[in-house]
Amino acid sequence: MNYWLFKSEPRSYSIDDLARDTKTFWDGVRNYQARNFMRDDMHIGDRIFFYHSNADPSGIVGLAEVTSEAYPDQTAFDKMDHHYDPKSKKDNPAWYGVDIMFCKKFSRTISLEEIKNTSAVKDMLVARRGMRLSVMPVEEKHAMRILAMAS
DNA sequence: GCCAACGTTGGC
DNA sequence: GCCAACGTTGGC
């Protein structure tokens, strides 16, 4: 089982939205590296740290779980959709997503500042300067520490 | 709202 | 294939 971190702006889709929906398809990823993680390395049962970006404060707010292998992102085919991409064809999809399920909302936000100031987790990818990936792997040792910090 | 960082696009 | 221009992300 692998651990991941998904970023989302709470104004677009927050952990509370996921708690309400119980599950959702993670669409709209339009970065090749993030797509490759989902398509090639993500599997059912993997755990997801849900991260609020552009938030006050930004940070990890909860836990979700991958409930499907990656499959084509239909929003890429929809001209009316904000994430429409003419490069993605139904017989050769460019973009993929996975189904995720809500697990829990942490009792507190583990802010980016706290991550950067905690030696055991300060090397997490999400804390790296200029890191703009919206889907990224989390090392198991870091995942353990974050879970401990959240409880 | 500013702007640094970075990915993508497109002219050549 | 280079690289400048441009658009987006996301912390602050």
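Each chain gets a letter, A, B and so on, in the order its sequence line appears, and its residues count up from 1. These values consider heavy atoms only, across backbone and side chains, with no hydrogens, waters or symmetry-generated copies.
Computed from coordinates, the Arg132(A) CZ to dC6(C) C1' distance equals 12 Å when rounded to whole Å. Between Met136(A) atom CE and dT9(C) atom C1' the separation is 11 Å, expressed in whole Å. Atom C1' of nucleotide dC12(C) and atom CD1 of Ile115(A) are separated by 16 Å, given to the nearest angstrom. The distance between atom OH of Tyr51(A) and atom P of dG10(C), rounded to the nearest whole Å, is 8 Å. Between Glu9(A) atom CD and dG11(C) atom P the separation is 9 Å, expressed in whole Å. The CG atom of Asp56(A) sits 14 Å away from the C1' atom of dG10(C) (whole-angstrom rounding). Atoms CZ (Arg11(A)) and C1' (dG10(C)) sit 10 Å apart, rounded to a whole Å. The nearest whole Å value for the distance from the CZ atom in Phe6(A) to the C1' atom in dT9(C) is 17 Å.
A sub-4.0 Å separation between OP1 or OP2 of dA5(B) and a side-chain N or O of Arg129(A) is present.
In terms of heavy atoms, Leu112(A) sits closest to Val126(A) at CD1-O, 3.9 Å.
Which of dG10(C), dA4(B), dG11(C) sits closest to the side chain of Lys7(A) comes down to dG10(C).
The only option from Asn36(A), Val98(A), Ile100(A), Asn2(A) that meets the side chain to side chain contact (heavy atoms under 4.5 Å, CB included) definition with Met42(A) turns out to be Val98(A).
One side chain, Thr75(A) or Arg30(A), offers a donor N or O that lies under 3.5 Å from an acceptor on the other. Side chain to side chain, Glu69(A) and His43(A) meet the donor-acceptor criterion of an N or O pair below 3.5 Å.
The salt bridge (charged side-chain N to carboxylate O under 4.0 Å, His left out) pairs that include a residue from residues 32-50 of chain A are Arg47(A)-Glu65(A), where partners are two or more places apart or lie in different chains.
Where Asn54(A) and Met131(A) meet DNA chain B, the nucleotide closest to each residue was compared, and Asn54(A) sits on the side nearer the 5' end.
If you check residues 29-38 of chain A against DNA chain C, you find no residue with a heavy atom closer than 4.0 Å. Less than 4.0 Å separates DNA chain B from at least one heavy atom of each of the following residues of residues 72-96 of chain A: Lys87(A).
Note on Leu125(A): it clusters hydrophobically with Leu147(A), by side-chain heavy-atom contacts below 4.5 Å among ILVMFWY residues.
Counting only heavy atoms from C-beta outward, the side chains of Leu18(A) and Tyr13(A) approach each other to under 4.5 Å.
Taking the charged nitrogens against the carboxylate oxygens, Asp85(A) and Lys87(A) do have a contact shorter than 4.0 Å, which makes a salt bridge.
Side-chain N or O atoms of Thr67(A) include one that pairs as donor or acceptor with a backbone N or O of Asp99(A) at under 3.5 Å.
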